[in-house]
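Before any comments, here is the structure.
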Protein chains: 2
Amino acid sequence: MALEGKLLIGLQAVTGTRVNIQATNPSTGELLEPVYVGGDRSHVEQATQLAWDAFDTYRETSLEARATFLETIANEIEAIGDELIERAMAESGLPQARLAGERGRTCGQLRLFASVVRAGEWLDVRIDPAMPDRQPLPRADLRQRHIALGPVAVFGASNFPLAFSVAGGDTASALAAGCPVIVKGHSAHPGTSELVGRAIQKAVKACNLPEGVFSLLFGSGNEIGQALVTDPRIQAVGFTGSRSGGTALMQAAQNRPQPIPVYAEMSSINPVFLLPEALKANSQALGEAFVSSLNMGAGQFCTSPGLVIAVKGSDLDSFIQSAQKAVEGSGAQTMLTPGIHEAYQKGVSALSDEANVREIARGETGSGSYQCQTGLFATSASDFLASTVLQEEVFGASSLIIECQDMAEVKRVAEQLEGQLTATLHMNDGDVDAAKGLIPTLERKAGRILANGWPTGVEVCHAMVHGGPYPSTSDSRTTSVGTAAIKRFLRPVCYQSLPEALLPEALKEANPLKVSRLVDGKREA
Amino acid sequence: MALEGKLLIGLQAVTGTRVNIQATNPSTGELLEPVYVGGDRSHVEQATQLAWDAFDTYRETSLEARATFLETIANEIEAIGDELIERAMAESGLPQARLAGERGRTCGQLRLFASVVRAGEWLDVRIDPAMPDRQPLPRADLRQRHIALGPVAVFGASNFPLAFSVAGGDTASALAAGCPVIVKGHSAHPGTSELVGRAIQKAVKACNLPEGVFSLLFGSGNEIGQALVTDPRIQAVGFTGSRSGGTALMQAAQNRPQPIPVYAEMSSINPVFLLPEALKANSQALGEAFVSSLNMGAGQFCTSPGLVIAVKGSDLDSFIQSAQKAVEGSGAQTMLTPGIHEAYQKGVSALSDEANVREIARGETGSGSYQCQTGLFATSASDFLASTVLQEEVFGASSLIIECQDMAEVKRVAEQLEGQLTATLHMNDGDVDAAKGLIPTLERKAGRILANGWPTGVEVCHAMVHGGPYPSTSDSRTTSVGTAAIKRFLRPVCYQSLPEALLPEALKEANPLKVSRLVDGKREA
């Protein structure tokens, strides 16, 4: 398909009026055609009005129709074929296999949400039947279901140009909830975004849905992003990106005449705790596995292990030696954008410059301009505890080892951490008591606790939590990956004494949708 | 029990240092002993530190222990006996029967949350078993449960000195979720608050819980309220009160280094739509029933029907005549506080002064200083649509009838309404199509939609939604009444590959808590 460099507003393709956006191939430095001309406030206005007009119809589509729509999007994305992978490779510098896997994840995610829509658990149907004879007062018939919040603005991430972008988890879960979606495409991969956006347009058309169900805009964050978040028709925001970007959206959303929820997935350094017995038994292998996790996607994962915490001694020294060797043998990898590469260089330099931080190893330098040279550093727990700089995320393959005096100091470090997406324990049977001592702290700090694995790799399933206390996300009550992500875009409505003819399908007495219901507080399967 | 006028911090009773707070009996104007000396920041500091220290223990109490605690609070409140009702009557001007009913509601609510805790639905247990042989990558064992957010600050309301105050819905649901609670008692009923606070202290002691599970502070909103909401240990806020009070808390919570959720239930005018056929069939009886709902609690209900919308004509005229008669025969009722009475007088005067608003009727004037004289007004839809003043809540027994040209204008009025707690339809079989045309709008505007009833009277049950779009609440995704209120104080945590010994009880393979689980996306009853 010939890319056109246009905004996709409903079923139209529209030429913008503002800034020129052009992707750079980070492997070669070359600019990629076409130029995307950014939109202005009038394009936001068109897209949000179409979304608003579509909302009441789309939110009441049948479970089957909505599920089919999500599956059709997946089919249309697959139908793009190799062109999608090639364009994403050119725009991101990520390798073919990774992007093919990410496409599989993206389409699998859409199909999983289709199954979620059909199952109807998200409706959270509750029925308290009337009790006309109750004393001293009768009870009315009360029924609750969840409905969609309204049009949602989604800000795609740079680091997963498919799975966290135009048809990524935010879009899939918002569409599943019944919300029209307007995506502000990431300027690093506009061509990939256009391809996926066109696929969604086709699905909208094929499923005979109102065109406003989906739009894709490009433009500056200050203009298009702020206009979207402050538009009165937008009712929620999904965002994956930097802490500064996320907090700016939170502020804008909160200062609206009607504040709206922002689901921002921001920064996390994902502490890994090496407990004494596991470290003693397995220091070499742990060192290698750690660096392998650190290098995934050039460290450009939200869940990259940026912090390793352990009691110092010969076992930790052995882990460090093993990790050092692995880092020194780490090939350079192209980073996503020149800007991300520059920020990584600065972050690593800042770590190196810290008086009490020592460099353990650096990886191979690459020949490309925007390559990531893996970095591993170490410091003492007391220096870490005294510093705020050392807790800042360095986005890319860089990690810091914290050497503690004893388990009490390990716990003090854990207690001082900011909110995290993940916390990892390496442990064996002899570490159970030590682990038990840490878990209450980790539960307060992180959305996901892992044992004997690595935080990179976020399964798309029902039990996943890709979320966590601030600043890892803006809202610890939610997840942006996995089927529970749909809850972010729903609100409950109670229907009291409505005649059967007016009740939504989900609440009719005979349960025509065959959904799980809580009747008088008891679960009907 | 002799009231002491002290702050209850953990198991202690402490004398404050700041403003003197003394309740006024609104029926007589007399000041009620004792004087409550408001706390300062150091008292907030003590209470939040105790709450923080109690948190990890309290949130992991067994379901049975936590349920028993809630039931013990209910028992202790009942054990206070007549003294509680008498003090609440003196502090609120509300009649005996109403307060006895409210005590029943408050204790019933605590017992209902005990049953909710035991049932464990709130844990939202999800299990995705490991798939070690899955291609291309194995899946780890992933399990999700919900845990408590952390210590919660609760701001009691004036209008329900028991059910929305110290041991009201916010406290009951937060304690049920596993959150320690610090209540800032309402200055209008400090004695009632102390009595209930002492009952909770006794329950904490009887159940051998850490004392920080509960504290009760008095003081100025600017000092104590702001200090509570900005304390880093507080993780959520529950509030029932005015729009200005709620939005101030929202702002303070959002400007913290770590923003936290605020659940503020604020203002609502609760539109009632009289559809043509129902109005034709029943105008007289509807007029009487409407005024009876309007007069409940001197109109001091969050769900008081402040707006009636119908197509003009002889049927509406007949409704208005009936309502006029009922209003003229409405006895004066004592309002909760001198301040509320003053605000009511101002609100009603402002309505009277509007050029395009006509007074239909006023109720009887009373002999007391702080009595509410019921007010009923009318205006045209076009004037209503052109005004922002007419949508403002007048807290108390005042309502405005909107006369529309036709159903299209009824719908335009509905579409322009702000967010509401409730929307009511009076309808019969001939109105089904008209009702269908309104429902999509009402679903977007309100948390609860009723047919052929009145919005006053909020059932405490599983399906209730006492919530709604801004400004009726700060967060339309939640309810502050009913068992779903517990969700406000929870967040999900995912456990990946944790050994059985480290898994929380709720997630152990054998399901020892016998809770409903979503296994691989399928509901196990």
Side-chain angles (χ1 to χ4, degrees), chain A residues 56 115-116 119 121 126-128 139-140 142-144 147 149-150 250 254 258-259 261 419 432 435-436 439-440 443-444 447-453 459 461-465 467 469-470 474 476-477 479 483-484 490-499 501-502 516 518 520-521 523-525, chain B residues 56 115-116 119 121 126-128 139-140 142-144 147 149-150 250 254 258-259 261 419 432 435-436 439-440 443-444 447-453 459 461-465 467 469-470 474 476-477 479 483-484 490-499 501-502 516 518 520-521 523-525:
Chain A
D56 278 350
S115 76
V116 165
E121 282 272 338
R126 294 159 171 247
I127 297 180
D128 292 313
R139 180 170 82 180
L142 291 149
R143 292 163 191 254
Q144 184 189 122
I147 70 168
L149 276 183
M250 289 168 70
Q254 198 61 28
Q258 174 221 9
V432 165
K436 279 187 178 164
I439 279 185
E443 287 176 330
R444 278 189 273 103
R448 179 163 55 111
I449 300 172
L450 307 77
N452 299 325
E459 184 76 32
C461 61
H462 303 280
M464 177 51 61
V465 178
Y470 188 89
S474 57
S476 72
R477 297 163 296 174
T479 173
T483 61
L490 295 166
R491 47 174 277 259
V493 177
C494 175
Y495 302 79
Q496 180 174 325
S497 304
L498 252 65
L502 287 184
S516 172
L518 199 68
D520 246 339
R523 173 66 53 193
E524 284 182 1
Chain B
D56 278 350
S115 76
V116 165
E121 282 271 337
R126 293 160 171 247
I127 298 180
D128 293 312
R139 180 171 83 181
L142 290 150
R143 291 162 192 254
Q144 184 189 123
I147 70 169
L149 275 182
M250 289 169 71
Q254 199 60 29
Q258 174 222 8
V432 166
K436 278 188 178 164
I439 279 185
E443 286 175 331
R444 278 188 272 101
R448 178 164 56 110
I449 299 172
L450 308 75
N452 299 326
E459 184 76 33
C461 61
H462 303 279
M464 178 50 61
V465 177
Y470 188 90
S474 57
S476 71
R477 297 163 296 174
T479 174
T483 61
L490 295 166
R491 47 173 278 259
V493 177
C494 175
Y495 302 79
Q496 179 173 326
S497 304
L498 252 66
L502 287 184
S516 172
L518 199 69
D520 245 340
R523 173 66 53 191
E524 283 182 0

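All chains are named by letter (A, B, ...) in the order of the sequence lines, taking the proteins before the strands, and each is independently numbered beginning at 1. Given the structure is predicted, the values throughout are model-derived calculations rather than measurements.
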Using only atom types and a distance under 3.5 Å, with no angle test, would you say the side chain of Asp128(B) pairs donor to acceptor with the backbone of His462(A)? yes
Just wondering, do Arg477(B) and Leu490(A) contact through their side chains at under 4.5 Å, heavy atoms? no
Rounded to the nearest 0.5 Å, how far apart are SG of Cys461(B) and CD of Gln144(A)? 9.0 Å
Please lay out, stage by stage, how Glu459(A) and Leu142(B) fare under the test side-chain contact (heavy atoms from CB on, under 4.5 Å). CA-CA 9 Å; Glu459(A) 184 76 32; Leu142(B) 290 150; 3.6 Å; yes
Between Pro261(B), Gly419(B), Ala119(B), Gly150(B), which has the largest tally of heavy atom pairs under 4.5 Å with chain A? Pro261(B)
Kindly indicate whether the side chain of Asp56(B), heavy atoms from C-beta on, has any atom under 4.5 Å from the side chain of Arg444(A). yes
Where is the tightest heavy-atom contact between Ala463(A) and Cys494(B), given as atom of each residue plus distance? O-SG, 3.3 Å
Most heavy-atom pairs under 4.5 angstrom with chain A, which of Gly467(B), Pro499(B), Ala451(B)? Ala451(B)
Residue list, side-chain contact (heavy atoms from CB on, under 4.5 Å) with Ala140(A), at least two apart or on another chain: Gln496(A), Ser497(A)
Can you check whether Gln254(A) reaches Pro259(B) side chain to side chain, under 4.5 Å on heavy atoms? no
Using the test side-chain contact (heavy atoms from CB on, under 4.5 Å), find all partners of Glu443(A) that sit at least two apart in sequence or belong to another chain. Ile439(A), Ile449(A), Arg59(B), Glu60(B), Arg145(B), Ile147(B), Tyr495(B)
Chain B heavy atoms under 4.5 Å from Arg143(A): which part of the residue, side chain, backbone, both or neither? backbone
Which one, Asp520(B), Thr479(B), Val116(B), Leu450(B), leads in non-hydrogen pairs under 4.5 Å with chain A? Leu450(B)
Could you tell me if the side chain of Leu502(A) sits less than 4.5 Å from the side chain of Val432(B), heavy atoms only? yes
Name the option with the most non-hydrogen atom pairs under 4.5 Å to chain B; the candidates are Arg126(A), Met464(A), Lys436(A). Arg126(A)
